[in-house]
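No experiment lies behind these values; they were computed from the predicted model shown. Letters go in sequence order (proteins before strands), and every chain restarts at 1.
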There are 2 protein chains.
Amino acid sequence: MVTETQHRRRPLNRGRVQAAAVQVADRDGLKGITMRSVADLLGVEAMALYRHVSGKNDLLDSLVEVVIGEINTACDALPAPEDPADWRTNLRRRILTARSTLLVHRWAPALISTHGTMGPELMRYFDEFGATLAAGGFSLDTIHHALHAFGPRALGFAPELFELEAPAVTETDLDEQAALADMAALAEEMPFLARMAQHLSHEASTTLGWCDDQAEFEFGLDVMLDGLEKRLNS
Amino acid sequence: MVTETQHRRRPLNRGRVQAAAVQVADRDGLKGITMRSVADLLGVEAMALYRHVSGKNDLLDSLVEVVIGEINTACDALPAPEDPADWRTNLRRRILTARSTLLVHRWAPALISTHGTMGPELMRYFDEFGATLAAGGFSLDTIHHALHAFGPRALGFAPELFELEAPAVTETDLDEQAALADMAALAEEMPFLARMAQHLSHEASTTLGWCDDQAEFEFGLDVMLDGLEKRLNS
DNA sequence: CGACCCTGTTTACGTTGTAATCTTGTTTAC
DNA sequence: GTAAACAAGATTACAACGTAAACAGGGTCG
């Protein structure tokens with residue numbers, strides 16, 4: 001007759017560990033995933049996780065599969081393509097569907113980049129990805145190259161080279177002055193960037209932030225598709 | 001009259017810390033970079049580094065700039081372009097030069113992906129990158145989009161989605177058998193991948209490893225350039 | 001000489017991943 | 001029914017990490 005903490009404790013298992021890890025990442029980001037933090041969320045000690053996961057690396061690897069699993073089910077829910085030969089529309093839709101799923105877990109791209117292991121879910125995604133291209137008439141060789149060329153873009157994300165957070169302009173005279181000085185120095189040493197910066201700041205009003213991620217992604221995607229189209233018969 | 005350890009100790013400075021960190025990374029990879037390991041290499045205690053670097057993050061950020069600095073000096077050493085309007089050749093050469101520099105520090109791509117901060121060296125690289133496109137007749141808008149679209153490829157690397165180490169086939173009957181069973185299951189569930197795997201294993205003799213990184217990179221690069229070419233007048 | 005500062009050292013703390021061991025509830029064998 | 005085996009989670013412990021804080025030595029300048 002011990003005062004149990006409310007509910008009889010549900011048994012742990014791999015799925016529950018993964019789900020908890022996802023929840024932690026959604027809340028605190030990738031670095032927030034800690035054996036202890038995940039265990040806490042489950043009301044359990046850290047070492048308990050090791051019964052269901054061979055280590056943190058294993059957990060992280062498996063999270064990639066979980067996320068790509070979500071992508072796959074999203075793609076499965078897509079209506080069948082009207083014209084299977086229209087590889088361009090079909091592939092585009094598939095990729096953008098993957099993207100929309102990834103946007104739910106903003107930490108996923110970074111995880112995938114570091115823990116890209118070839119699991120069954122990823123294979124299934126690529127299987128249908130390749131099949132879509134094959135239905136469009138591409139040769140196996142070209143498809144293989146295309147898979148490499150797309151890289152992460154196949155899953156709906158493109159790593160940005162630098163994070164351009166809005167610099168959070170504080171309107172102090174000092175900052176203004178410094179910014180102007182910077183601009184002057186910039187124009188001297190890097191004439192082209194200076195021109196572009198000015199050009200961009202003029203039409204900054206069109207997009208809310210500096211750069212529209214979704215639009216940029218689709219631009220890059222279409223460039224890629226155009227380039228691929230040229231290789232249909234080779 | 002203390003028994004000094006051989007040579008009078010050279011004073012530490014930011015550059016020496018960075019150089020040591022690069023050396024450690026070249027030897028042990030990115031994870032090998034530790035305040036203590038870098039300090040050891042310099043014959044110094046870990047905390048000494050903090051006089052010249054505000055923390056590990058700062059050190060890592062600065063390493064990106066160091067590497068891109070190497071890229072820039074490599075690009076500076078390039079002969080002036082014969083035809084400045086031939087953006088395609090000029091850009092291609094610039095990118096492949098960057099790539100060859102990055103191949104010296106295999107850890108660099110991963111570092112750049114996680115610590116992509118906009119420093120002066122990166123800006124200089126992009127300045128000349130953009131200027132090359134501008135000389136080819138592209139509009140500022142298109143160039144801006146192109147910079148996003150290229151992403152890391154602009155620096156000569158393309159993140160691979162999965163590391164496909166050669167699986168290091170051990171020729172046991174058990175493994176053989178398992179591999180065959182895998183293949184069978186594969187063919188059922190993922191018909192396309194099965195086809196492609198077979199196709200690839202047939203012509204695997206042409207390239208030494210499974211996939212030729214350099215060739216794949218250049219393929220993707222050319223796809224991108226083709227796609228861009230279509231946007232010259234827009 | 002003494003005040004100062006520059007640079008590297010020492011000590012210490014909190015956080016992390018995980019090895020090893022222990023505890024306890026449940027299942028199985030006889 | 002009891003003992004033996006097992007499973008799942010808790011405890012304890014440790015090494016490696018980043019870094020804050022206080023300290024020490026030697027140089028410079030008054």
Side-chain angles (χ1 to χ4, degrees), chain A residues 1-64 107 110-111 114-115 117, chain B residues 1-64 107 110-111 114-115 117:
Chain A
M1 203 214 74
V2 199
T3 56
E4 274 285 316
T5 54
Q6 187 81 0
H7 51 7
R8 181 122 235 96
R9 76 180 159 210
R10 205 160 20 128
L12 224 48
N13 60 45
R14 201 159 214 270
R16 261 167 45 83
V17 173
Q18 290 166 335
V22 167
Q23 208 173 323
V24 169
D26 284 340
R27 176 162 43 84
D28 305 327
L30 258 195
K31 294 182 318 180
I33 296 189
T34 279
M35 289 296 140
R36 286 169 168 81
S37 71
V38 173
D40 276 4
L41 192 63
L42 291 164
V44 126
E45 289 309 305
M47 287 310 293
L49 305 182
Y50 284 78
R51 295 272 168 205
H52 310 277
V53 147
S54 77
K56 191 182 182 182
N57 243 320
D58 179 33
L59 173 58
L60 259 35
D61 283 354
S62 82
L63 282 195
V64 172
W107 42 270
L111 215 213
T114 53
H115 286 72
T117 55
Chain B
M1 202 218 73
V2 198
T3 55
E4 275 283 317
T5 52
Q6 186 80 359
H7 51 6
R8 180 124 237 95
R9 74 178 161 212
R10 208 160 19 129
L12 224 48
N13 60 43
R14 203 160 213 271
R16 261 169 42 85
V17 173
Q18 290 167 335
V22 167
Q23 208 174 324
V24 169
D26 284 341
R27 178 161 42 84
D28 304 328
L30 258 195
K31 296 182 317 178
I33 296 189
T34 280
M35 289 297 140
R36 287 168 167 81
S37 72
V38 173
D40 276 4
L41 193 62
L42 291 164
V44 126
E45 291 308 306
M47 288 310 294
L49 305 182
Y50 284 78
R51 296 273 172 211
H52 310 277
V53 145
S54 78
K56 190 183 181 181
N57 243 319
D58 179 34
L59 173 57
L60 259 35
D61 282 354
S62 81
L63 282 196
V64 172
W107 42 269
L111 215 213
T114 53
H115 286 72
T117 55

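B/Thr34 contributes atom OG1, which lies 9.5 Å from atom CG of B/Asp40 (distance to the nearest 0.5 angstrom). Rounding to the nearest 0.5 Å gives a distance of 13.0 Å between NZ of B/Lys56 and CG of B/Asp58. A/Leu59 CG to A/Arg14 CZ: the interatomic distance, rounded to the nearest 0.5 Å, is 8.0 Å. The distance from the NE2 atom of B/His115 to the CG atom of B/Asn57 is 4.0 Å, given to the nearest 0.5 Å.
Atoms NZ (A/Lys31) and C1' (C/dT15) sit 13 Å apart, rounded to a whole Å. When the C1' atom of D/dA10 is taken as reference, atom CG of A/Leu42 falls 15 Å away, rounded to whole Å. Between B/Arg36 atom CZ and C/dT10 atom P there is a gap of 13 Å when expressed in whole angstrom units. Distance, B/Leu30 CG to D/dC17 P: 14 Å, rounded to whole Å.
Closest of all the heavy-atom pairs between B/Leu30 and B/Ala110 is CD1-CB, 4.0 Å. In terms of heavy-atom proximity, A/Ala21 sits nearest to A/Val38 at CA-CG2, 4.0 Å.
Among the nucleotides D/dG9, C/dT10, D/dT19, the one closest to the side chain of B/Tyr50 is D/dT19. Side-chain proximity of A/Met47 to D/dA13, C/dA20, C/dT11: nearest is C/dA20. Considering only the side chain of A/Leu12, D/dG9 comes nearest among D/dG9, D/dT19, D/dT12. When distances run from any side-chain atom of A/Glu45 to the nucleotides C/dT9, D/dA10, D/dT19, the shortest one goes to D/dA10.
Using the Watson-Crick or G-U wobble rule with both distances under 3.5 Å, C/dG14 pairs with D/dC17.
Nucleic acid contact for B/Ala48: base, since at least one base atom lies under 4.0 Å from a heavy atom of the residue.
Within residues 51-63 of chain A, the residues approached by DNA chain D to less than 4.0 Å at the level of any non-hydrogen atom are A/Arg51, A/His52, in residue-number order.
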